[in-house]
Structure formats: structure tokens, C-alpha cells
Amino acid sequence: MFHLLEKRIAEAVSAYLTTRYGIQAGSAIEQPKDSRFGELALPAAFQLARQLRQPPRAIAAAIAEGMQPVEGVARIEPAGNGYLNVRLDRGYYGRALLEGVAGAGAGAEADGKIIVEHTNINPNKAAHIGHLRNAVLGDTFVRMLRARGREVEVQNYIDNTGVQVADVVVGFLHLEHKNAEDVRRLIGTTRFDYYCWDLYARTSALYKSNPEALAWRAETLHSIERGEGEAAELAHAVADAIVQAHLATMLRLGIVYDVLPRESEILRLKFWATAFELLKQRGAIHLETEGKNAGCWVMPAAAFGEETGTEDSKVIVRSNGTVTYVGKDIAYQLWKFGLLGKDFRYRRWSRYPDGREVWVSTDGEGDPGAPRFGAGARVYNVIDIRQAYLQKVVVAGLRALGFEEQAARSVHFSYEMVALSPRSCVELGIALSEEEKRAPYVLVSGRLGLGEKADDLIDKLAEKAAEEVDSRHPEAPLEERRRVAMQIAVGALRYFMLKFTRNTVIAFDFQEALSFEGETGPYVQYAAVRARNILRKLEERGGAMPDFARALPREAMARQLESEDFWQLLLAASKSGSAIERAIASGEPAHVAKYAFQLAQAFNNFYHEYPVLAEENPERRVFLLWMTDYFRRQLEDTLAVLGIEVPPYM
RNA sequence: GCGCCCGUAGCUCAGUUGGAUAGAGCGUCUGGCUACGAACCAGAAGGUCGCGUGUUCGAAUCGCGCCGGGCGCACCA
């Protein structure tokens with residue numbers, strides 16, 4: 001509703017400026033910090049002052065004087081040294097909220113399917129907290145887009161033929177002397193992703209102490225690429241099992257996918273071969289004949305040098321004929337926009353508890369019942385910021401092929417890394433140098449097997465939440481308490497990953513991440529639970545929810561909203577749509593998290609100040625109940641966008 | 001060396017893309033539980049927005065120059 005009025009006012013003012021001054025001015029609109037300045041403010045007069053050669057204050061006064069009334073607006077008045085302050089019609093506004101005018105989806109634009117690619121973890125070991133940031137950011141962004149009516153497809157790219165998978169295969173073959181049969185048994189009997197976590201670290205250590213072992217890696221990679229031999233069979237088994245583990249981990253956080261495009265199919269279904277031809281034909285790449293890159297197909301630095309500050313061209317095809325990551329990613333990006341003229345074949349990978357299905361690419365027979373994937377109008381790639389250079393090369397590839405528009409709609413949704421606070425390193429038993437102990441954060445390497453696994457963190461959170469729940473509700477059934485604890489754990493974790501803006505390095509700290517007080521997910525969940533409790537108590541005491549539409553006519557609404565307190569609370573609660581749209585535009589899920597927190601703060605304030613059920617004045621009591629119910633809905637909806645559930649009790 | 005990012009309260013971070021008196025959480029101190037369960041609320045202390053300079057009605061925000069920190073710049077992904 002707020003979003004709607006914001007637009008309506010901006011348009012009205014803009015139209016007025018055009019008719020009166022003949023000036024096409026897209027008029028900015030903002031929300032004043034101080035509520036005394038009204039609900040909205042326009043700095044339009046400042047922008048016009050120079051052109052009109054008049055003081056801003058005089059222009060503002062003239063606009064306020066001359067404008068026709070706008071529906072839903074009580075008045076527009078000049079203020080300060082040239083602001084136009086807008087005061088909304090409170091009765092109108094309250095009624096509009098009550099009647100549910102302009103609910104969900106009001107912000108939708110018909111801009112076609114949006115593809116969001118996230119998670120993309122190498123399928124060779126357990127997920128860690130860095131991966132969690134990627135998945136939570138991506139999943140939340142998807143929820144934001146869907147909440148505002150956009151069509152979204154979620155892809156999780158699986159690099160099942162890469163070096164990292166090969167390294168684990170080398171570990172099984174040469175360190176543990178296991179065959180495919182042995183590994184299959186391990187998959188069924190162990191925590192396989194954890195097993196591989198350690199094995200990967202051991203293989204990495206082996207390369208360091210015995211560099212000649214790198215030959216095994218090369219051999220394994222070739223076998224995987226040809227799709228033949230024991231190594232290939234092993235790689236397949238490892239990657240599939242790990243993908244399954246990753247999906248299970250992510251499902252604990254409510255994160256799901258539509259489709260898993262795999263690198264093996266990029267190769268076998270000739271996606272790369274097709275892209276390669278296209279790149280050659282359009283002269284985007286050329287064969288280098290001399291220098292250090294002799295024998296390689298390269299993209300010249302002219303295509304991307306200005307943006308990246310590099311002078312070297314980028315190798316796309318190695319001198320041994322194999323393709324680099326960038327090459328494969330260009331093929332993948334082309335497919336995402338429907339520009340490759342090819343499609344994967346698909347089969348069902350698994351079904352989620354709610355019935356939704358995940359599909360996976362296959363080079364075998366495809367399922368004719370598969371949905372249509374790819375061919376998006378806009379693409380977001382959730383990838384950490386260290387890959388900015390490579391992502392720019394990929395986009396430059398699209399541009400070099402003549403796909404300017406698609407290049408402009410391919411967004412690197414980047415985020416900074418998750419490091420560990422020195423204190424957390426100590427807790428994990430990671431040895432630190434004196435210098436590292438004093439640093440604000442320490443980067444740890446998955447290659448060395450260091451860091452915190454995603455599932456371990458979720459378990460720690462759930463355990464701590466369980467203690468809290470047990471102490472508060474010892475009478476509740478155990479199974480239910482565990483479920484509530486998990487909801488709280490997920491709330492804490494998702495909120496923690498979202499409260500930082502994308503380009504802030506997170507110095508992960510257990511004490512902070514395990515906190516359930518202050519600016520945390522559980523704080524917001526608690527507010528929603530409290531709102532529900534009031535309504536539940538009402539029923540327990542034999543009361544029924546009033547018919548608000550009948551009991552709160554516009555005059556009653558206006559009367560109650562004369563209270564500045566109520567008005568500000570309602571206003572804050574009604575801005576979710578506006579907050580989500582802003583967050584989409586700026587690409588910052590953190591803004592939604594902040595909004596949810598502010599909403600919870602506002603409600604907690606209300607909760608303490610106004611005992612709803614004890615209110616004696618009938619009209620006011622109905623109003624307070626309506627406010628409670630409205631807050632409840634807004635809190636629940638906003639939390640849902642963050643992927644956080646509201647527990648039945650806390 | 002080149003490119004990108006960051007520097008805001010003791011600590012961890014926001015700051016609606018140039019607006020009105022710079023905000024939260026944690027920590028510290030003070031006060032508040034007969035239940036709409038305190039995973040909460042109220043209050044206090046705490047700031048030269050790294051430094052300098054420019055742009056203009058107006059700068060934490062934009063430009064330039066320093067200082068400090070991080071990350072990239074592979075025939076790895």
C-alpha cells in the first residue's frame with residue numbers, strides 16, 4: 001500500500017511539474033527521518049531552483065498551493081528551506097490496509113523469467129559456512145523476487161568433472177586403494193561428505209609432499225573427461241553422493257532448487273563444441289601462434305581489459321585442447337539466455353517433502369515430461385567476489401558474440417567471503433601465528449580441511465536452541481520441542497547470514513552466530529509468536545475475532561490513528577512491499593532482514609505499551625486487535641521472504 | 001606494478017544511491033516480571049564518519065591526493 005501511494009504521489013507531482021513549468025523531472029521521493037516532517041518528502045524544489053532561478057522555498061510553496069488533491073493524501077506542504085512534505089490521510093490509509101488493497105504482487109513487472117544460479121558447490125566434500133552464505137543469499141533473493149510476483153527459476157550448477165572431484169578420486173585410488181565397489185559401500189555406511197572432506201585434505205597434502213602425485217590427477221581428469229575407466233566410475237559415484245548430501249544440508253535451511261545443470265552434460269551434449277564454433281565464427285577468440293600462450297585459443301584483453309585492468313589475453317582453450325572454466329561458463333551462459341540453439345535432456349533427481357521436484361541434466365534418455373528450463377530474460381549468478389575477474393570475461397564473451405542486451409542482463413550477484421574470527425579458529429583447534437591472532441579475521445582453506453562444516457554449525461545451533469526451549473516448555477512433547485528448536489536454529493542462521501550487506505567480509509564468530517538475542521532471527525520470530533499468542537489467548541478466553549471490516553469503519557480508523565504512536569506503528573508495518581522492492585533494486589537481501597528486525601522492534605514496543613486484551617474501550621480494543629493481527633501477518637510474510645518459519649511457541 | 005573493494009560509537013555493522021539533529025545490535029551502567037511468558041521493554045554514557053582538499057543551497061555518500069587494510073590480475077575453479 002505504501003509503495004502504491006509513493007508511486008501515485010511521485011507521478012502526480014511529476015505530472016504537475018510538467019504542466020506548470022514544462023519540465024520533465026522524474027521527481028525523487030524519500031522518507032523523512034523525522035516523523036514530524038510527514039510520511040513522505042519531495043526535494044523537487046531544490047532540483048528546480050537553478051533552472052527557475054527562484055529560491056527553493058518559494059517554488060515548494062507554489063507547488064503545494066497549485067497541486068490538485070491526490071487520493072489518499074491529506075495535504076502537501078512546503079517545509080524547511082524547500083522540501084515538500086506529504087501527509088497521508090490516515091483513515092483512508094488504515095481502511096485500505098484493512099481491505100487488503102494492493103496486496104502481494106503489486107510490484108510485478110512483466111519482464112520474463114529470471115534465472116538465479118546459486119550454491120554451486122564442488123561435489124567433492126561437505127558444505128562449509130562460506131557455501132552457506134552463497135545459498136542463503138541466493139535463496140532469499142529468489143524468495144524476494146517471487147514475493148513481488150516475478151517468475152524465477154533456480155539453478156544449482158554441478159561441476160562434476162573438475163579438479164576437485166578428481167582429487168578425491170585420486171585419494172580413493174592411490175591413498176586408500178579402494179575400488180568403485182568399496183566406495184559405494186562407504187556411501188551407504190558413512191557420513192560420506194565428511195569422509196571426503198578429510199580425504200580431500202589428505203590428497204592436497206600428498207601433492208605438496210610428493211608433487212609427482214600430480215600425474216595421478218592429470219590421469220584421473222582424462223579418464224573423467226573420456227567417461228571411461230575406474231576413475232570415471234568413481235568420480236560419478238562420488239559426485240552424485242555429495243550432491244545428494246549438499247541438497248540435504250540445504251533442505252534443512254529450506255533451500256530448494258528447480259534444476260541441476262551438470263558440467264558433464266555441457267561437455268557430452270556438445271554445448272561447448274557449439275559455443276566454440278560460435279566464438280570462432282564471430283572472431284571473439286583466436287588461435288595464438290607465439291608467446292607464452294602459443295597453441296591456445298584466447299580472448300584478447302581488448303574485450304575486457306578496460307573493466308578488469310588486465311593486459312593479458314585470457315586462455316579459453318588450452319594448448320592440449322581442453323577447455324577452461326571460462327569457456328564452459330560462456331557456453332552455459334548462452335544456454336541460460338536461450339542463445340545456444342541446444343538444450344539439455346533431463347531426468348528427475350529427487351522429490352522434496354512438499355512434492356516439488358528437482359531435475360538434473362542427463363546425456364541419457366530425457367524425460368519427455370520435464371519442464372522447460374533455461375531461456376531466461378535475466379540472469380543472476382550468485383558467486384563470490386573473488387571471481388569478479390572471470391565473470392567479467394564471461395560477460396565480455398557474450399558481448400563479443402554480439403549479445404549486448406543479454407550481457408547487460410547478466411548480473412554477477414557477488415558477495416564477500418566468510419572468514420573466521422581468531423577466537424573461532426581457536427575453538428576449532430586451528431593453529432594461528434601471532435600476526436593472525438591480532439588480525440580482525442583469518443581466511444581458512446577447505447583444501448586443508450580447515451573451517452566449519454555447514455551441518456556442524458546447524459547442529460550446534462539446534463542444540464543450543466533445544467536447551468532454551470527445554471527450559472521454557474518442559475511440558476511439551478519432545479519431538480515438537482526439537483522441531484521448534486530447529487526452526488529457531490534456522491532463523492538464527494539465516495538471519496545471521498543476511499544481516500550483513502553483500503560486500504562486507506563476515507568474520508564468523510561462534511558467540512555472535514549462536515546468539516538468540518538482539519538483532520537476530522529469533523528476536524523477530526519471538527515478536528511473531530507474541531502476536532499469535534495474543535490472538536490465541538483471545539480465543540482461549542472465549543472471545544472471537546471481530547469482523548474488522550464492519551467494526552472499524554473509516555471514521556473509527558481515523559479516530560484511532562490520530563494517536564501518533566499508532567500511526568507510526570501502522571505505517572512501519574505497512575512498508576514491507578516497499579522495503580522488498582528497494583532491496584530487489586539494490587540487490588541487497590540485507591535490507592529485508594533489517595526491515596524485519598525493525599518491524600519486530602516496533603511490535604515489541606506496541607506489545608509492552610498497550611495491553612490488547614485488557615483494553616476496556618470497545619472501539620480501541622477492536623483496533624488494537626486489528627493492529628495485532630496486521631502485525632502478525634506482516635511479520636510472518638516478511639519472515640517467509642527471509643526463509644524463516646514462525647514456531648508455535650518460544 | 002595494474003584493477004576492484006573497504007575504513008562510521010569500546011566491538012560487530014546499517015545508513016533508502018547527494019538531503020533535515022549520523023542510527024542499530026552487542027558490551028557497560030540504571031530501572032522494569034501477577035502471564036498478552038523477560039529469547040522482552042525503558043533510560044544513560046559513548047562520534048573530528050581514516051586524514052587533507054575540491055565540487056554546491058547541502059557531503060558519511062561524488063572528484064582528486066595521501067594513510068591504513070583486504071581481494072583479484074593462471075593453459076585452477
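Proteins come first, then strands; the chains are lettered A, B, ... in the order of their sequence lines, and each starts at number 1.
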Next item on the list: Considering non-hydrogen atoms only, spot the tightest contact between A/R148 and A/I584 and give its length.
Entry: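 Smallest interatomic distance, heavy atoms only, reads CG-CD1, 3.7 Å.
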Margin query: Looking at every non-hydrogen atom in both residues, tell me the closest pair between A/R621 and A/E615 and how far apart they are.
Written below: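 Closest heavy-atom pair between A/R621 and A/E615: CD-O, 3.1 Å.
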Next item on the list: Return yes if the base of B/U21 and the side-chain atoms of A/R36 contain a donor-acceptor N/O pair under 3.5 Å, otherwise no.
Entry: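 Answer is yes: a donor-acceptor pair is held.
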Check: Is there a donor and acceptor pair, one atom on the side chain of A/T504 and one on the base of B/C13, closer than 3.5 Å?
Finding: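 No, no donor-acceptor pair under 3.5 Å.
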Check: Expressed in whole Å, how much space separates the P atoms belonging to B/A42 and B/G3?
Finding: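 Straight-line distance between the two P atoms is 49 Å.
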Note to self: If I pick the P atom on B/G46 and the same atom on B/A9, what distance separates them, to the nearest angstrom?
What the structure shows: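 To the nearest whole Å, 14 Å.
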Next item on the list: Report the distance from atom CD of A/E609 to atom P of B/C40, rounded to the nearest whole Å.
Entry: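 Spelled out: CD on A/E609 to P on B/C40 is 18 Å.
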Next item on the list: Specify the separation, in whole Å, of atom CG of A/D470 and atom P of B/A39.
Entry: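 Atom CG in A/D470 sits about 15 Å away from atom P in B/A39.
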Would you classify [X] as touching base, sugar-phosphate or nothing, given that sugar-phosphate means primed atoms plus P, OP1 and OP2, and contacts are heavy atoms under 4.0 Å?
X      : value
A/A294 : base
A/V163 : sugar-phosphate
A/I488 : base
A/E517 : sugar-phosphate
A/N605 : sugar-phosphate
A/S586 : base
A/Y523 : sugar-phosphate
A/N85  : base
A/F500 : sugar-phosphate
A/R541 : sugar-phosphate

Which base sits across from [N] as a Watson-Crick or G-U pair, both distances under 3.5 Å?
N     : result
B/A42 : B/U30
B/U21 : none
B/G37 : none
B/C75 : none
B/C51 : B/G65
B/C4  : B/G70

Does the pair [X]/[Y] count as a salt bridge with the N-to-O cut at 4.0 Å?
X      : Y      : value
A/R632 : A/E636 : yes
A/K292 : A/D312 : yes
A/E427 : A/K460 : no
A/R502 : A/D384 : no

Filtered N/O pairs between nucleotides 68-74 of chain B and protein, under 3.5 Å:
residue : atom : partner : partner atom : Å
B/G70   : O2'  : A/Y441  : OH           : 3.3

Next item on the list: Report the nucleotide, chosen from B/C40, B/C13, B/G25, that has the shortest atom-to-atom distance to any side-chain atom of A/Q601.
Entry: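 The listed nucleotide nearest to A/Q601's side chain is B/G25.
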Next item on the list: Compare the minimum distances between each of B/A20, B/G37, B/G15 and the side chain of A/H591, then state the nucleotide with the smallest one.
Entry: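 For the A/H591 side chain, the nearest candidate turns out to be B/G15.
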Margin query: Syn or anti for B/U17? Use the chi torsion, O4'-C1'-N9-C4 for purines and O4'-C1'-N1-C2 for pyrimidines, with syn inside 90° of 0.
Written below: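 With its glycosidic angle within 90° of zero, B/U17 counts as syn.
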Note to self: Would A/K575 pass as a cation-pi partner of A/F2, given that its NZ or CZ must be under 6.0 Å from the six-membered ring centre and within 45 degrees of the axis?
What the structure shows: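 Because its charged atom sits under 6.0 Å from the ring centre and within 45° of the axis, A/K575 does stack over A/F2.
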